[in-house]
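These notes concern the structure reproduced below.
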Amino acid sequence: MSKVVFITGASSGIGKAIGEFLFQKGYTVFGTSRNPEKINNSLFPLVALDVRDNQTIKKAIDEVLAKSGRIDVLINNAGVGITGPIEEIPSEEIKNNFETNFFGPIEVIKAVLPQMRQKKSGLIINITSIAGYMGLPYRGVYSASKGALEIITESISMEVKPFGVNIVNVAPGDFATNIAAGRYHAPVIEGSAYETTYGNTLKQMNEHVDSGSNPNIMAHAIYEIINNKSPKIHYKIGAFMQKFSIVLKRILPDRVYEKMLMNHYKLK
Ligand SMILES: NC(=O)c1ccc[n+]([C@@H]2O[C@H](COP(=O)([O-])OP(=O)(O)OC[C@H]3O[C@@H](n4cnc5c(N)ncnc54)[C@H](OP(=O)(O)O)[C@@H]3O)[C@@H](O)[C@H]2O)c1
């Protein structure tokens, strides 16, 4: 019997690559999009879901359970970027980002857990970010929302393990997807105290994503994790220096690490 995999945000980028790879490997894959009717090139079925709307989460999961009887693997992938100086980002945009990147994934987890607990098996994979391991300049809200998901996963893991359910985080580095296009960018305000530094950092960020790795690398990593009987809690998938930046944060004094980041982003 093929495993049933449910992937949020599977209309493009990483979610789509994971879905296509698992589908080709013989898994039963259901993906989601806020507008599935607009996507006509998906290899697997897409159901309507907006992680900020509980009704759509419930409806989508009920629909998948009615069709397949169970969800074996949830991949909490839907997410959006946000950039800007914290002082200038409108508060509603900060909240909106947390709704999508943190509160939404928690609601999806809550919705799949009852049937996973009942059948005493299941795997939940949260797609976080290497940016969630450190407060990056002008990406503080994104770093915080992904960092929060990393931490809460550790708590949920201990709560659901007795029911045979595993939960893990996979933190990508830079991958070439639509994420930069879909980001909320606080405008670079002419005359703002942050005009030069934010403008330069934004340019650098977009170049990194455009020159990012192929999302198929993420798909292979997820396949390995699904087939690992004892998965780790935290995975990092990306270029060597992106992963090494987490090691450096652990071993360097805070101010030395901060100086290194500021030099990297030319903030002096
Ligand atoms: N690309 C990178 O370099 C990178 C690095 C670190 C982490 N990540 C993370 O990887 C995940 C996938 O991103 P991606 O790079 O593949 O970007 P992407 O190509 O923009 O894909 C994002 C997906 O999320 C869905 N989505 C956005 N808002 C949603 C909402 N409110 N409710 C439900 N679905 C929503 C989109 O679907 P619809 O628009 O069709 O609804 C889309 O399928 C995200 O969590 C992102 O933070 C990406």
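Note that ligands are numbered from 1 as they come in the structure, with each ligand's atoms numbered from 1 the same way.
- The closest donor-acceptor contact from the side chain of Asn101 to the backbone of Lys146 lies at 3.5 Å or more, if one exists at all.
- Here the straight-line distance linking atom CD of Glu99 with atom CG of Asp53 works out to 10.5 Å at 0.5 Å rounding.
- Residues passing the side-chain hydrogen bond (donor to acceptor under 3.5 Å, both in side chains) test with Arg250, sequence neighbours excluded: none.
- Within 4.0 Å of ligand 1, contacts by protein heavy atoms are made from Gly9, Ala10, Ser11, Ser12, Gly13, Ile14, Ser33, Arg34, Leu49, Asp50, Val51, Arg52, Asn77, Ala78, Gly79, Val80, Thr100, Ile127, Thr128, Ser129, Tyr142, Lys146, Pro172, Gly173, Asp174, Phe175, Thr177, Asn178, Ile179.
- A side-chain contact (heavy atoms from CB on, under 4.5 Å) with Pro231 is found for one member of Ile226, Val168, Val170, Ile125 and no other, namely Val168.
- Rounding to the nearest 0.5 Å gives a distance of 11.0 Å between CG of Leu46 and CZ of Phe30.
- Screening Thr153, Asn126, Asn169 against Asn76 for a side-chain hydrogen bond (donor to acceptor under 3.5 Å, both in side chains) leaves a single residue, Asn126.
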